[in-house]
Amino acid sequence: MNDPYAQYRTLSVSTAPQSKLIVLLFEAAVRNLRQAEAEIAARHVEKAHHHLTRVQDILTELIGALDFNAGEIARILHATYWKLYHLAVEADVRKDLALVQELIGHVSELRDAWQQAGGAGAASPAPRSGSNAPSSARSGLHA
């Protein structure tokens with residue numbers, strides 16, 4: 001409990017801007033997808049499952065954090081995140097390397113968009129105005 005690194009990490013997360021937290025979630029998702037990719041290639045089914053369920057948990061957090069009062073962008077992000085969630089479930093059930101690689105591409109694109117949006121002043125998982133929306137939220141993943 002007196003681990004200074006854990007205290008620093010907790011303080012860093014609790015004081016970080018929301019756009020930075022979103023980027024951190026996407027980075028964790030990409031990291032877990034890459035680990036799942038390696039585990040599937042090595043035929044370590046249980047380890048791949050662990051990493052893919054972590055990705056599902058991250059996407060669930062992103063979905064739960066959306067503010068639907070933000071308007072259309074929240075609905076677009078909701079649809080996008082749900083499609084990614086279902087793709088992660090399918091990749092997990094099938095242990096499909098191609099699906100994992102597809103997810104890596106989509107999640108990396110969203111991470112990059114949020115990084116760019118964060119530099120431009122985005123401040124929440126469902127931006128309070130459409131001007132802070134990542135452009136990839138309008139990708140072919142939705143609806």
Side-chain angles (χ1 to χ4, degrees), residues 3-42 44-143:
D3 178 8
Y5 179 71
Q7 291 174 344
Y8 169 78
R9 196 171 55 213
T10 300
L11 182 61
S12 294
V13 168
S14 66
T15 60
Q18 286 183 325
S19 61
K20 174 69 174 168
L21 296 177
I22 294 168
V23 169
L24 291 173
L25 286 171
F26 278 119
E27 286 175 350
V30 169
R31 189 172 47 255
N32 276 283
L33 286 165
R34 291 201 186 283
Q35 290 170 327
E37 179 182 38
E39 299 299 352
I40 289 171
H44 297 147
V45 175
E46 288 183 33
K47 290 178 181 180
H49 170 73
H50 169 76
H51 294 296
L52 289 167
T53 56
R54 299 274 300 194
V55 172
Q56 294 164 37
D57 291 344
I58 290 167
L59 291 165
T60 300
E61 281 296 318
L62 289 165
I63 291 165
L66 291 171
D67 174 14
F68 288 96
N69 293 323
E72 182 66 17
I73 186 61
R75 287 185 289 283
I76 292 169
L77 288 172
H78 183 264
T80 301
Y81 295 164
W82 266 115
K83 287 229 180 211
L84 291 173
Y85 176 86
H86 289 293
L87 196 58
V89 170
E90 185 177 350
D92 189 17
V93 169
R94 294 174 38 196
K95 300 301 183 273
D96 187 319
L97 201 51
L99 288 177
V100 172
Q101 291 166 343
E102 181 181 343
L103 273 164
I104 290 169
H106 293 309
V107 172
S108 295
E109 182 183 343
L110 283 165
R111 177 204 56 210
D112 295 347
W114 275 108
Q115 281 177 326
Q116 188 174 24
S124 71
R128 302 295 179 214
S129 70
S131 64
N132 292 330
S135 60
S136 64
R138 293 186 177 89
S139 71
L141 292 174
H142 64 280

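Since the model is a prediction, treat every value here as computed from it, not as a measurement. Index from 1, following the sequence. Only this structure's heavy atoms are used, side chains among them; waters, hydrogens and symmetry mates stay out.
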State the [atom1]-[atom2] distance between [X] and [Y], to the nearest 0.5 angstrom.
| X | Y | atom1 | atom2 | answer |
| --- | --- | --- | --- | --- |
| His49 | Glu39 | NE2 | CD | 13.0 Å |
| His44 | Gln35 | NE2 | CD | 13.5 Å |
| Gln101 | Asp96 | CD | CG | 9.0 Å |
| Lys20 | Ile22 | NZ | CD1 | 12.0 Å |
| Ile40 | Arg94 | CD1 | CZ | 10.5 Å |
| Arg54 | Asp57 | CZ | CG | 7.0 Å |

Smallest separation among heavy atoms of [X] and [Y], with atom names:
| X | Y | value |
| --- | --- | --- |
| Leu87 | Leu99 | CD1-CD2, 3.5 Å |
| Ser19 | Gly118 | OG-CA, 3.5 Å |
| His50 | Thr53 | O-OG1, 2.9 Å |
| Ala91 | Val100 | CB-CG2, 4.0 Å |
| Ile58 | Ala29 | CD1-N, 3.5 Å |

- Query: Taking atom CD of Glu27 as the centre, does the number of heavy atoms from other residues, nucleotides or ligands within less than 6.0 Å exceed 12?
  - Reply: yes
- Would a distance-only check, ignoring hydrogens and angles, find a side-chain to backbone donor-acceptor pair under 3.5 Å from Asn32 to Ala28? yes
Taking C-beta and beyond as the side chain, do [X] and [Y] meet within less than 4.5 Å on heavy atoms?
| X | Y | result |
| --- | --- | --- |
| Val30 | Leu103 | no |
| Val45 | Lys95 | yes |
| His51 | Leu33 | no |
| Leu84 | Leu110 | yes |
| Tyr81 | Leu66 | yes |
| Leu21 | Leu25 | no |
| His78 | Phe68 | yes |

- Task: Scan Glu109, Arg111, Gln115 and name whichever one has a side-chain contact (heavy atoms from CB on, under 4.5 Å) with Phe26.
- Result: Arg111
- Can you check side chain to side chain donor-acceptor pair (under 3.5 Å) on Trp82 and His86, steps first, answer last? CA-CA 6 Å; Trp82 266 115; His86 289 293; over 6 Å; no
- Kindly determine whether Tyr85 and Leu62 satisfy side-chain contact (heavy atoms from CB on, under 4.5 Å), including the steps that lead there. CA-CA 10 Å; Tyr85 176 86; Leu62 289 165; over 6 Å; no
